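Proteins get letters first, then strands, A, B, ... in listed order; numbering begins at 1 in each. Just so you know, these numbers come straight off a predicted model, no measurement behind them.
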2 protein chains.
Amino acid sequence: MTEAQAKPNGPMPSAQMERKLAKAVERAQQAFMEKNLRFTQLRQDVFAEIAATHASIGAYDILARLAEKGTRLAPISVYRAIDALLEAGVIHRLESKNAFFACRRIEHRTGRRPIFLACENCNGVQEVDSDGIFETIDRLSAAASFQPRVKFVEVSGLCEACRPGKD
Amino acid sequence: MTEAQAKPNGPMPSAQMERKLAKAVERAQQAFMEKNLRFTQLRQDVFAEIAATHASIGAYDILARLAEKGTRLAPISVYRAIDALLEAGVIHRLESKNAFFACRRIEHRTGRRPIFLACENCNGVQEVDSDGIFETIDRLSAAASFQPRVKFVEVSGLCEACRPGKD
DNA sequence: TCGGAAACGTTACTTTATACCACCGGGCCG
DNA sequence: CGGCCCGGTGGTATAAAGTAACGTTTCCGA
Ligand SMILES: [Zn+2]
Ligand SMILES: [Zn+2]
Ligand SMILES: [Zn+2]
Ligand SMILES: [Zn+2]
């Protein structure tokens, strides 16, 4: 896993990946500005690392990758950056895996919640529209006199590419 | 926050609690028999500890409570018991809290999935019928060419008893 | 009754996450 | 200008959650 210079992360041409990553970072910056939060260097570095994987990644993996690039950090620093990124809504937390991934849908930052489809093989995550699930949850909660605050809908399985019996 | 949770259902005489717990243990035993699994002493102890809280409880809390009663165990032993209890379907795991609670709906052992309403104040958990949510998830997964394996829907919030602004 | 599988004990370890305290740098008040 | 607050950061240490490895015991069916 040592490459000349750039991110060795997938079958996509490095240049194109770089461009996409830069765009994602730019969008993140925008999100921070809109919420009057500071997109510091550390936060940017951590976000870039998460966005670069195009999958879910654990806090300590981020730590390790940054370390490889010369940025040695304490875990707490990464977690603080992650907290800020979560607050800005530019990443999501995958509860079932204790991992994080970059949000690719701008509308999530305005309160709209998706559901997460997490591949057990490649760690890729799809965010798909909840199609009324959260409304149903609200209704069920109300019927149970329960006041919902945070709702998690996560599905673990296999994505199309990782599915067996297809070639 | 490991001690003395208020029960969602108010104070209950100790004798009655004992009786309820005994019943729960008995039902668990039944479930183990039906699945040809062994309801060993360790598993029974761990289950009793979980069922006694009437709320979600972490593995290390179980460990501590058993230790107080003279049963000193290694973490792995508790986790092995938990695995068996999960397999038998007599407890559920709350992914968003890394905690476990006793199932109070027999029908869950036959594949029917509920959604979980977890109180952030008292740690009580309600299991309510999913009312088609899981079917919706299946549909959304199919539309995304995703093959689901494990699904969970968890809601974190406040139960009726813990709700502010009501007395 | 004996042989293999399941359960358990013990030790050590990994992974995930937070507490605590000091410091720095920019905005703000006097 | 000078002192102060405050959010962000660095560093150390430690808590919390979960697992690997390996040997021993217990159970159960042939
Ligand atoms: Zn998103
Ligand atoms: Zn995949
Ligand atoms: Zn249940
Ligand atoms: Zn409550």
Atom [atom1] of [X] and atom [atom2] of [N]: how far apart are they, to the nearest Å?
| X | N | atom1 | atom2 | value |
| --- | --- | --- | --- | --- |
| B/N36 | C/dA7 | CG | P | 12 Å |
| B/R72 | C/dC8 | CZ | C1' | 16 Å |
| A/K97 | D/dG18 | NZ | C1' | 17 Å |
| B/L42 | D/dT24 | CG | C1' | 16 Å |
| B/K35 | C/dA6 | NZ | P | 18 Å |
| B/F32 | C/dA7 | CZ | C1' | 12 Å |
| A/Y79 | D/dA16 | OH | C1' | 11 Å |
| B/L86 | D/dA17 | CG | C1' | 15 Å |

Side-chain N or O of [X] less than 4.0 angstrom from OP1 or OP2 on [N]?
| X | N | value |
| --- | --- | --- |
| B/R80 | D/dA20 | no |
| A/T40 | D/dT9 | yes |
| B/R38 | C/dA6 | no |
| B/S77 | C/dC8 | no |
| B/N98 | D/dA16 | no |

Are A/R139 and B/D131 ion-paired here, with the side-chain N under 4.0 Å from a carboxylate O?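 Salt bridge flag = yes for B/D131 with A/R139.
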
Check B/D129 with B/R105, please: is the shortest side-chain N to carboxylate O separation under 4.0 Å?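 Salt bridge absent between B/R105 and B/D129.
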
Is there a donor and acceptor pair closer than 3.5 Å between the side chain of B/Y60 and the base of D/dA15?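 No such pair is found, so the answer is no.
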
Closest to side chain of A/P75, choosing from D/dG18, D/dG10, C/dA17: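 Closest nucleotide to the A/P75 side chain: C/dA17.
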
Among the candidates D/dG10, C/dG9, C/dA17, find the nucleotide nearest to the side-chain atoms of A/L73.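 Output: D/dG10.
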
When the ring planes of A/H92 and A/F101 are compared, do they come out parallel, tilted or perpendicular, using 30° and 60° as the limits?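 A/H92 and A/F101: tilted rings.
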
Which word best sums up how the rings of B/F39 and B/F47 line up, parallel for under 30°, tilted for 30 to 60°, or perpendicular for over 60°?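 Taking B/F47 first and then B/F39, their aromatic rings stand perpendicular (interplane angle over 60°).
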
For B/D83 and for A/A74, locate the closest nucleotide of DNA chain D by heavy-atom distance; then report the residue assigned to the nucleotide nearer the 5' terminus.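 Of the two residues, A/A74 wins.
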
Sugar-phosphate, base or nothing in reach of B/R43, heavy atoms under 4.0 Å: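 The answer is sugar-phosphate, as B/R43 gets under 4.0 Å only of primed atoms, P, OP1 or OP2.
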
Taking the side chain as everything from C-beta on, heavy atoms only, tell me whether A/Q16 gets closer than 4.5 Å to A/R19.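 With C-beta onward as the side chain, the pair touches.
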
